[in-house]
Asks: 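Have a look at the structure that comes next, please.
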Amino acid sequence: MSTKIFLLGATGYVGGSILAQLLQNKDYTFTALVRDQSRADKLKSELGVEPVIGSFEDLEVLKKAAEESDIVINAWSDDLPATKALVEGLKKRGGKGGKPAYLIQVSGTGVLCDHVKGESDEQEPFDDYDIKRIRSLPDEQIHKDVDDYLFSQNDQPDVLRTIITCPPLIYGKGMGIFNVRSKQIPVITQATLATRKNGTVGKGLNKWGTVHVEDLVKFYDLLVRAAIDGKASYGDEGFYFADSGEEYLKDMAQHVFDAVVKKAGWALVDTVPVQTPLTDSEVEKYYGGAFGYWIFAGNSRSRANRARKELGWKPEAPGLWETLDEEVEYWVEKLKNDEAKVEPGVDA
């Protein structure tokens, strides 16, 4: 009997890539939430996935789709009412056939960000086995309200089991049929192209974990298989990081600057090649002000020990520097021709 999976985020960078990976397993059948009929038609005709038209605000739609599924993967919404609707639907379905339902939440290591404003890398990396430390993060952290709610919903493990996953900065070309581009590198590229500066948010001495999207979707493949077999950690222990390495933000800025100069054909005399912090007004314009100082200048350091030990996950895809030139060149072309505008944001 096939496993029924309801996916939120199928048109996005992360969700679309997860879908592409999981579609390789013929034992799964899929429904996916999409906002409009044109995307629904594309999803159905090209991938054979049954669309559910709606948004995270359509709570009854979410409940019904969840109730009809064995596993929900939420790679779209960090919205608490939407998450509660998914949980309510899954609890109605859970336990049928002697198996619990699963909610796999795609959260992100943005939840770890400190407030060093690019001044240091002194954050001790978080271990996903240290649940006490993770749970003690301040309530105002991004993702924290939804993560805490999901931790609280495991009082009936024979009915519902929740798993929180936290990818770091994701890079590489996506595998889906809609959006195949990440968020953080384009933000840095746009700021570099506009200011002609080798600029950082603060001094860029903070670190973020990284993972190639191809390694990330293999992690989700392993996790779904483990959940179906009843071997995935859940509830109080159901928390997985998915990093393969980490980099300084100043090094990201340097690599992006070099790639932009090369692609744009600039002479260095027409730029500010010595790395320097961006002004407050530049951070406001290109990084979202306080959001930029928090996320792009904070440390987000994680160690995916649980995924490696319990799932046998082994990241093997190319590193960030091996893929960055292609990503930057794509965005320089788009931005120079006014074919895109990048809003401050993160995939993590």
Side-chain angles (χ1 to χ4, degrees), residues 13 113 115-122 168-174 179-213 245-301 318-348:
Y13 172 60
C113 274
H115 295 272
V116 299
K117 293 189 175 181
E119 293 292 326
S120 81
D121 64 353
E122 293 181 359
L169 184 152
I170 309 165
Y171 63 91
K173 189 174 181 180
N179 177 30
V180 296
R181 298 292 173 176
S182 66
K183 290 183 179 178
Q184 280 113 315
I185 298 302
V187 172
I188 300 172
T189 302
Q190 179 172 255
T192 303
L193 193 63
T195 64
R196 293 192 173 222
K197 288 182 178 179
N198 182 358
T200 52
V201 183
K203 294 179 181 178
L205 297 175
N206 54 306
K207 282 185 173 182
W208 262 78
T210 60
V211 68
H212 194 291
V213 66
E246 64 177 11
E247 303 292 348
Y248 283 103
L249 268 292
K250 67 181 181 65
D251 292 339
M252 292 186 203
Q254 182 69 59
H255 278 76
V256 169
F257 176 79
D258 292 342
V260 169
V261 168
K262 180 180 177 182
K263 177 63 179 176
W266 293 341
L268 283 181
V269 70
D270 296 325
T271 71
V272 181
V274 177
Q275 196 161 78
T276 185
L278 296 171
T279 66
D280 286 344
S281 62
E282 289 167 338
V283 174
E284 177 69 38
K285 184 172 183 179
Y286 301 111
Y287 287 89
F291 175 85
Y293 278 117
W294 182 17
I295 301 299
F296 283 88
N299 288 291
S300 178
R301 306 183 64 185
L320 177 60
W321 309 140
E322 297 171 70
T323 65
L324 190 140
D325 280 4
E326 186 277 334
E327 182 80 4
V328 171
E329 288 173 5
Y330 170 87
W331 283 107
V332 168
E333 197 67 31
K334 287 285 187 181
L335 292 164
K336 283 180 65 178
N337 295 328
D338 293 324
E339 295 175 12
K341 179 176 173 55
V342 179
E343 297 295 336
V346 292
D347 293 305

Asks: Are side-chain heavy atoms of Tyr286 and Val187 found at a separation under 4.5 Å?
Replies: no
Asks: To the nearest 0.5 Å, what is the distance between OG (Ser300) and CD1 (Ile295)?
Replies: 8.0 Å
Asks: Tell me, do Thr200 and Phe296 make a side-chain contact under 4.5 Å, heavy atoms counted?
Replies: no
Asks: Is there a side-chain contact between Leu193 and Trp266 (heavy atoms, below 4.5 Å)?
Replies: yes
Asks: Looking only at heavy atoms, what is the nearest atom pair of Tyr13 and Val213, with distance?
Replies: OH-CB, 3.6 Å
Asks: Flag the pair Lys197 / Thr279 as yes when at least one side-chain heavy-atom distance between them is below 4.5 Å, and no otherwise.
Replies: yes
Asks: Distance from Lys173 atom NZ to Arg181 atom CZ, nearest 0.5 Å?
Replies: 5.5 Å
Asks: Determine whether a donor-acceptor pair (N or O, by modelled atom type, separation under 3.5 Å) exists between the side chain of Glu322 and the backbone of Gly319.
Replies: yes
Asks: Do other residues, nucleotides or ligands put more than 12 heavy atoms under 6.0 Å from the CD atom of Glu119?
Replies: yes
Asks: Picking from Lys183, Gln190, Gln184, what satisfies side-chain contact (heavy atoms from CB on, under 4.5 Å) with Val342?
Replies: Gln190
Asks: How close do Val116 and Gly298 get, heavy atom to heavy atom, and via which atoms?
Replies: CG2-CA, 4.3 Å
Asks: When you look at Trp208 and Glu246, which way does the side-chain contact (heavy atoms from CB on, under 4.5 Å) test go after all the steps?
Replies: CA-CA 5 Å; Trp208 262 78; Glu246 64 177 11; over 6 Å; no
Asks: Donor-acceptor check, side chain of Asp121 to backbone of Asn299, threshold 3.5 angstrom: yes or no?
Replies: no
Asks: Indicate the atoms forming the closest heavy-atom contact of Gly202 with Pro277, along with that distance.
Replies: O-CB, 3.3 Å
Asks: Would Gln254 and Asn198 count as a side-chain contact (heavy atoms from CB on, under 4.5 Å) if you check the C-alpha gap in whole Å, the side-chain angles of each, and the deciding distance to 0.1 Å?
Replies: CA-CA 6 Å; Gln254 182 69 59; Asn198 182 358; 2.8 Å; yes
Asks: Counting C-beta onward and ignoring hydrogens, is there a side-chain heavy-atom pair between Thr189 and Thr192 closer than 4.5 Å?
Replies: no
Asks: Please round to the nearest 0.5 Å and tell me the distance separating atom CG of Leu169 and atom CG of Leu249.
Replies: 8.0 Å
Asks: Among Glu329, Glu327, Glu333, Glu326, whose salt bridge (Lys or Arg N to Asp or Glu O under 4.0 Å) with Lys263 holds?
Replies: Glu333
Asks: Fit a plane to each ring of His212 and Tyr171, take the angle between them on a 0 to 90° scale, and name the class: parallel (under 30°), tilted (30 to 60°) or perpendicular (over 60°).
Replies: perpendicular
Asks: How about Val272 and Arg196: do any of their side-chain heavy atoms sit closer than 4.5 Å?
Replies: no
Asks: If you compare all heavy atoms of Tyr287 against all heavy atoms of Ala191, which two are closest, and at what distance to 0.1 Å?
Replies: CE1-CB, 3.7 Å
Asks: Assign the ring pair Trp321 / His255 to parallel, tilted or perpendicular, where the plane angle (0 to 90°) is split at 30° and 60°.
Replies: parallel
Asks: NZ/Lys207 to CE/Met252 distance, rounded to the nearest 0.5 angstrom?
Replies: 10.5 Å
Asks: Which heavy atom in Pro168 sits nearest to a heavy atom in Gly209, and how many Å separate them?
Replies: CB-O, 3.1 Å
Asks: What's the spacing between Leu320 CG and Ile170 CD1 if we round to 0.5 Å?
Replies: 12.5 Å
Asks: Do the non-hydrogen side-chain atoms of Val328 and Val260 ever get within less than 4.5 Å of each other?
Replies: yes
Asks: Do you know the tightest heavy-atom contact between Ser182 and Trp331?
Replies: O-CZ2, 4.5 Å
